[in-house]
Amino acid sequence: MKASQQAFIPAKLAGDAQILANGLPALLMDARKTAASLMLGAHGRRRAGMGEAFWQHRELLDGENLRQVDWRRSARSDRLFVREMERESPASLQIWVDTRPSMLWRNQTSRPTKAERALVVALALAMAAKAGGERVSTLLGGQALGQEEAFLEALISSGAHFDLQAPIDDRKQSQILIVSDGLEPIEVWAERLRRLSSGAVPVLFVLIRDPDEEAFPFEGRVSFMAPGTNRPVIIGQAGAARDDYQRIYRLHGEALRAALAGARGHLVTHATDQPALPVTLQAAALLDGRGASSLGVG
């Protein structure tokens, strides 16, 4: 199998997007809890931007240009400080959450499916952004965040496919958030990212994975199937295929990261056996423009 091809995952797909819709109350509760924690942290109501009004001083981050230093303020300390200005107008955040069949998989019932976790992270970021005065909508279809349950339903329905011809808001200070497992072929993602980057709109990609997709802990005879199909692929000795599988999985991730970098985007990763809040805080920091260098992401 070539690295650009979609990797096979175990055959435990949980039906279609209706299953996600059936779980709306639990998803909403998790998202509200995460958003509340997020808004108590770094995601305040004001944002750094290109305005003229002074907002705050902050320390210079690793990798930032020394030309940004406020030397008068820095002279009163042994650290270097940057002046941040407040955005003159609200930003626009557009969100696409992948709800295709591969996102409905989990290897252990104690974990959320990838789609469930993706929706919680996306909705928490949406609620925090709206509280900060930003315009929030679905990337495809343009449904604005009003009533939370209706917006969650719109994310589920719009995530079943990605329409390259759909209109996208590429105005100044518009941002795009994609939450997906990234398992579609690299050629597909490269074309999407070219389309999204054509208007110079920043893209943040939150990659959601089940830890067993990477570890491939299977042994013996296992039935696999490609997401969205009913064609089983039987591997007699799954353990013997582990090294090849992990290599293909790693190369696919590297190619996705490279495609995103070419579109001037950032990639952060999250495993579903971990809490949702840390990656949500990390994504919020990037959306707020506080830089990727201090977060160790690319």
Side-chain angles (χ1 to χ4, degrees), residues 1-24 27 31 94-107 111-123 125-126 138-141 143 151-166 168 176-196 203-214 223-233 245 248-249 252-253 255-257 259-260 265 267-272 276 279:
M1 185 186 300
K2 296 181 180 178
S4 62
Q5 291 179 317
Q6 183 167 318
F8 284 101
I9 63 175
K12 289 189 179 180
L13 296 181
D16 57 20
Q18 183 59 45
I19 291 178
L20 295 173
N22 292 341
L24 282 178
L27 292 174
Q94 303 170 82
I95 304 174
W96 185 74
V97 177
D98 191 348
T99 58
R100 297 173 307 102
S102 74
M103 291 290 289
L104 301 176
W105 183 79
R106 61 184 169 190
N107 191 44
R111 301 171 187 157
T113 66
K114 292 180 288 182
E116 289 168 344
R117 179 53 55 80
L119 288 164
V120 167
V121 171
L123 186 58
L125 288 167
T138 58
L139 175 63
L140 305 179
Q143 177 163 332
F151 187 72
L152 190 54
E153 290 174 344
L155 286 175
I156 292 172
S157 61
S158 67
H161 67 282
F162 196 107
D163 183 3
L164 284 173
Q165 305 306 315
I168 294 172
I176 291 174
L177 171 66
I178 293 176
V179 193
S180 170
D181 61 9
L183 287 181
E184 289 183 280
I186 287 300
E187 295 84 359
V188 171
W189 279 113
E191 180 62 25
R192 290 173 181 170
L193 293 171
R194 279 194 293 269
R195 165 73 175 89
L196 296 177
V203 176
L204 174 61
F205 196 119
V206 179
L207 181 70
I208 306 290
R209 59 180 178 82
D210 186 290
D212 289 343
E213 286 178 324
E214 184 173 14
S223 175
F224 296 82
M225 66 172 61
T229 76
N230 292 316
R231 299 192 312 270
V233 176
Y245 172 90
I248 292 170
Y249 189 89
H252 184 88
L256 180 60
R257 186 180 294 274
L260 195 59
L267 178 72
V268 295
T269 62
H270 170 72
T272 55
V279 72

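Please read these numbers as outputs of a predicted model, since none were measured by experiment. All heavy atoms count here, side chains included; hydrogens, waters and symmetry mates do not.
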Asker: Quick one: closest heavy-atom pair of T113 and M103, and the distance?
Answerer: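 That would be CB-O, 3.8 Å.
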Asker: Going through the checks in order, is the side-chain contact (heavy atoms from CB on, under 4.5 Å) test met by I208 and H270?
Answerer: CA-CA 5 Å; I208 306 290; H270 170 72; 3.9 Å; yes
Asker: Please name all residues satisfying ring pair (Phe, Tyr, Trp, His ring centres under 6.0 Å) with F162, sequence neighbours left out, ordered by chain then number.
Answerer: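 Only W96 meet the ring pair (Phe, Tyr, Trp, His ring centres under 6.0 Å) criterion with F162.
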Asker: Given side-chain contact (heavy atoms from CB on, under 4.5 Å), test L196 with L139 step by step and report yes or no.
Answerer: CA-CA 10 Å; L196 296 177; L139 175 63; 4.2 Å; yes
Asker: Among residues at least two apart in sequence or on other chains, which ones pass salt bridge (charged side-chain N to carboxylate O under 4.0 Å, His left out) with R111?
Answerer: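 Residues passing salt bridge (charged side-chain N to carboxylate O under 4.0 Å, His left out) with R111: D210, D212.
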Asker: On a heavy-atom basis, which atom in R106 and which in E116 lie closest, and how many Å separate them?
Answerer: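 Minimum heavy-atom separation between R106 and E116: NH1-OE1, 3.9 Å.
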Asker: Take T269 and E214, measure what side-chain contact (heavy atoms from CB on, under 4.5 Å) needs, and give me the verdict at the end.
Answerer: CA-CA 12 Å; T269 62; E214 184 173 14; over 6 Å; no
Asker: For T272, what residues pass the side-chain hydrogen bond (donor to acceptor under 3.5 Å, both in side chains) criterion, not counting sequence neighbours?
Answerer: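 With neighbours one apart ignored, the set is empty.
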Asker: T99 side chain to I156 main-chain N or O, any donor-acceptor pair under 3.5 Å?
Answerer: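 Checking the backbone N and O of I156 against the side chain of T99, a donor-acceptor pair under 3.5 Å is found.
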Asker: Got a second to check how far K114's NZ is from S102's OG, nearest 0.5 Å?
Answerer: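 That separation rounds to 4.5 Å.
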Asker: Indicate the atoms forming the closest heavy-atom contact of E213 with W105, along with that distance.
Answerer: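 For E213 and W105, the tightest heavy-atom pair comes out as CG-CZ3, 3.4 Å.
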Asker: Under the rule for side chain to side chain contact (heavy atoms under 4.5 Å, CB included), what residues qualify as partners of A154, not counting sequence neighbours?
Answerer: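 A154: side chain to side chain contact (heavy atoms under 4.5 Å, CB included) contacts with T138, Q143.
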Asker: Between V279 and R117, does the side-chain contact (heavy atoms from CB on, under 4.5 Å) criterion hold? Intermediate values first, please.
Answerer: CA-CA 11 Å; V279 72; R117 179 53 55 80; 5.9 Å; no
Asker: Let me confirm one number: the CD1-CZ distance from I95 to F151, rounded to the nearest 0.5 Å.
Answerer: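 That separation rounds to 4.5 Å.
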Asker: Output the distance between atom CG (D98) and atom NE2 (H161), rounded to the nearest 0.5 Å.
Answerer: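 Taking CG in D98 and NE2 in H161, the distance rounds to 12.0 Å.
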Asker: Between atom OH of Y249 and atom CZ of R209, what is the distance when rounded to the nearest 0.5 Å?
Answerer: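 If we round to the nearest 0.5 Å, Y249:OH and R209:CZ are 6.0 Å apart.
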Asker: Looking only at non-hydrogen atoms, find the nearest pair between L207 and G182 and report the distance.
Answerer: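 Closest pair (atom of L207, atom of G182, distance): CD1-N, 3.7 Å.
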